[in-house]
Amino acid sequence: MTEKTKLIAPRLPRGFEDRTPGEIAAVGQMIDKIKAVYERYGFDPVETPLFEFTETLGKFLPDTDRPNAGVFSLQDDDEQWMSLRYDLTAPLARYFAENFETLPKPYRSYRQGYVFRNEKPGPGRFRQFMQFDADTVGAGGPEADAEMCMMMADVMDALGLQGQYVVRVNNRKVLDGLRQAMGISDDDQWLVVMRSIDKFDKIGATGVEQLLQKGRLDESGDFTKGAGLSEVQAKALLLLFAPITMQEVPVAIATEDTNKPRFELWSLDKVNAAPAGVTRVDEVAQASAATLGYIAMVFRSIGSQVDSNTSAYYGYKELYEMGRLFQAAGYNADRIKIDPSVVRGLEYYTGPVFEIELTFKVQNEKGQDVVFGSVGGGGRYDGLVSRFRREPVPATGFSIGVSRLANALKLTGKLNASEPAGPVVVLVMDKEQMAGYQAMVAELRQAGIRAEMFLGNTKNFGKQVAYADKRNSPIVIIEGSQEREQGILQIKDLIAGKQAAAAITDNAEWKAARPGQFEIKRDELVAAVQKLLSEQ
RNA sequence: GCCGCCUUAGCUCAGUUGGUUAGAGCGCUAGAUUGUGGAUCUAGAGGUCCUCGGUUCGAUCCCGAGAGGUGGUACCA
């Protein structure tokens, strides 16, 4: 005991966080609100484990037998690689495929939990964080995608963020069509193009333009190699971000196949004299008409037409139909808007992609503006279940980054992270009377009131009251020998006392005043506490 | 991964031009007060000065390497 043993420094690996009662309560409230929206849309919960076989998650490095370094992995007894899940989508695909025979199809499910990524953490980025997902598996139409977007918007409303977010929607098929039109055949080159576009909110138009061409030298002096596009190609892609100015309006022209309208840009004069079968897009999808027209214009600027290649056509048509659905359901462009610059991750999305963006400024503790990125997103992933089953299974879904959203709300003071009320504390005035104090606690607990007897060092009475204060306790119960003889108790209202004492500066006066304290009969304990709690 | 900055008490930081017992504020513990929260006063605990190596009579300080933290950037399913 005399020799000093080497102590272990209590420390947390970076990217991980402890959560206090206030934070747990605040996130719990968020979860309840999100859950309520999902359930209202007809989704059912399911829970899957934190660990999966690495091959289930699909994260083996190419050409090696080791998992991707970005996932936490370990080998089981039989040397099979297992990994902590890094999202909730791959485990859902596994669950659906494994229970294919019994699940209803389409299958609507939601689930919430921690996911893990072994990457360098940053502001608002963690190595363990919570996601809350909803997915519809087995429904291939844009109605399912549109429903996802509307549900995301409803969730944000339910969290009290009306008017402070926008759900941005794009379609990967449109981007693929652009690629074809521009004649980019190299997959790697296209990958760099997509990454560059995805960085728009971080590095701006100039930065993206540099990345699309030769490359960009950032502030730290690091050079990022560009995609090697020509100036003409780069400028055309940059139109995706340009402010929308339209001389012409998009129209849908009926064709022999009623499911395949043609999309063109017409001048207003031409539209006004339009023959039957030509519909202005803004009459059916007002919310996003300008953007739809704009996408058509981007195609024209590179010498193509939006419906001249299959991929772009279907992407465009899906966006058009989703726009109609948003319009019909009353979701305007200030809540959900079509935005051709949305890219989202790169791996498995096959059609519509969407992202929630906060439209208010977020500042960190030091008062600096923080680029927060999206707080949620998703899209259609028709290929994911096919890894487990031979038949094609379409699926769409999205994910809310609960941790990141909570962090944003915390920084803006919109998260109610106040410490929850503590228990009623019964003070120990006389160690011989423990049984009596414990009986009081039991009475209170039986009445459903949080209560505890002070268990620490009872020698100094002031410390007991200080303990109750630190516990955020609303009330303390005092029974000394004087009270016991008279069959009474002292009830001390700590909340009222705190207010009443604010004006007192002298310690002697402070003690004499005993603010917020009054007497009751012993047998009135439960009733008096209940009454006081309801008044506080 | 790459680039910059940082590392002294639980926290925020001072300091030593290289010299013997390394400081402050806040916090913590105890006492003033075995019948009252805040404030006040008193006392106390708490330090491998990030680690290792080098230079030096002597290193917390100078030099080198490493670790950790932080910011940017890359990757991000």
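Lettering of chains follows the sequences in order, A, B, ..., and the numbering in each one begins at 1.
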Rounded P spacing from B:C5 to B:G66 in Å: 15 Å
Sugar-phosphate, base or nothing in reach of A:Ile478, heavy atoms under 4.0 Å: base
Sugar-phosphate, base or nothing in reach of A:Gly462, heavy atoms under 4.0 Å: sugar-phosphate
Rounded C1' spacing from B:G15 to B:C61 in Å: 10 Å
Ion pair check, A:Glu318 and A:Arg380, cut-off under 4.0 Å: no
Length of the line joining A:Asp133:CG and B:A77:P, which is rounded to integer Å: 14 Å
Between B:U73 (C1') and A:Leu211 (CG): distance, integer Å: 11 Å
Within 45° cone and under 6.0 Å: A:Arg344 NZ/CZ vs A:Tyr349 ring: no
Sugar-phosphate only, base, or nothing, as touched by A:Ser83 at under 4.0 Å among non-hydrogen atoms: nothing
is_close_aromatic(A:Tyr110, A:Phe43), centroid dist under 6.0 Å: no
Donor/acceptor link under 3.5 angstrom from A:Lys492 side chain onto base of B:G35: no
Nucleotide nearest A:Arg117 (side chain, heavy atoms from C-beta), chosen from B:G31, B:A77, B:G35: B:A77
Sugar-phosphate, base or nothing in reach of A:Val71, heavy atoms under 4.0 Å: base
Identified stems (criterion: three or more consecutive Watson-Crick or G-U pairs, under 3.5 Å), RNA chain B: B:1-7 with B:67-73, B:10-13 with B:23-26, B:28-32 with B:40-44, B:50-54 with B:62-66
Touch class at under 4.0 angstrom, heavy-atom based, for A:Lys120 against every strand present: base
C1' gap between B:U48 and B:G68, integer Å: 16 Å
A:Leu12 CG - B:G69 C1' separation (whole Å): 13 Å
Residues A:Glu52 and A:Arg85 bridged, charged N to O under 4.0 Å: no
Nucleotide B:A77, atom P - distance to CZ of A:Phe129 in whole Å: 10 Å
Upstream residue (5' side of RNA chain B) when A:Lys463 and A:Glu479 are each assigned their closest nucleotide: A:Lys463
Proximal nucleotide (of B:G35, B:G69, B:C28) relative to the A:Lys470 side chain: B:C28
Side chain of A:Glu119 - closest among B:G35, B:C76, B:G31: B:C76
Spacing between A:Asp469 atom CG and B:A39 atom P, to the nearest angstrom: 10 Å
Base of B:A77 and ring of A:Tyr348 stacked, centres under 5.5 Å, planes under 30°: no
Pair A:Asp135, A:Ser109: side-chain N/O donor-acceptor within cut-off below 3.5 Å: no
Between P of B:U36 and CG of A:Leu489, the distance in whole Å: 18 Å
Sugar-phosphate only, base, or nothing, as touched by A:Glu483 at under 4.0 Å among non-hydrogen atoms: base
Pairwise P distance, B:A67 and B:A30 [rounded to whole Å]: 42 Å
Among B:U36, B:A74, B:C76, the one nearest A:Arg514 by side-chain distance: B:U36
Below 4.0 Å: OP1/OP2 of B:A30 and any side-chain N or O of A:Asn460: no
Rounded distance in Å - CZ (A:Phe461) to P (B:G35): 8 Å
Sugar-phosphate, base or nothing in reach of A:Asp493, heavy atoms under 4.0 Å: base
Inter-nucleotide P distance (B:U42, B:C26), Å rounded: 11 Å
Aromatic ring proximity, centroids under 6.0 angstrom, A:Phe116 and A:Tyr86: no
Quiz item: A:Arg125 side-chain donor-acceptor pair to B:C76 base, under 3.5 Å: yes
Nearest-neighbour nucleotide for the A:Asp87 side chain, B:A74, B:G35, B:A77 considered: B:A77
Closest listed nucleotide, where the reference is the side chain of A:Leu494 and the choices are B:G37, B:A30, B:A77: B:G37
Closest to side chain of A:Arg195, choosing from B:C75, B:A77, B:U33: B:C75
Spacing of A:Arg450 atom CZ and A:Arg445 atom CZ [to the nearest 0.5 Å]: 10.5 Å
For the student: nearest non-hydrogen atoms of A:Phe388 and A:Ala97, plus distance: CB-CB, 3.3 Å
A:Lys463 bridged to A:Asp469 by N-O distance under 4.0 Å: no
Sugar-phosphate, base or nothing in reach of A:Lys199, heavy atoms under 4.0 Å: sugar-phosphate
Gap in Å between the two C1' atoms, one belonging to B:G31 and one to B:U12, rounded: 28 Å
Whole-Å distance separating the CD1 atom of A:Ile495 from the P atom of B:G37: 17 Å
Sugar-phosphate, base or nothing in reach of A:Gln464, heavy atoms under 4.0 Å: nothing
B:U33 and B:C13, which share atom name P, separated by this distance in whole Å: 39 Å
Parallel, tilted or perpendicular, as decided by the 30° and 60° cut-offs, for the rings of A:Tyr467 and A:Phe454: perpendicular
Whole-Å C1' distance, B:U16 and B:C75: 44 Å
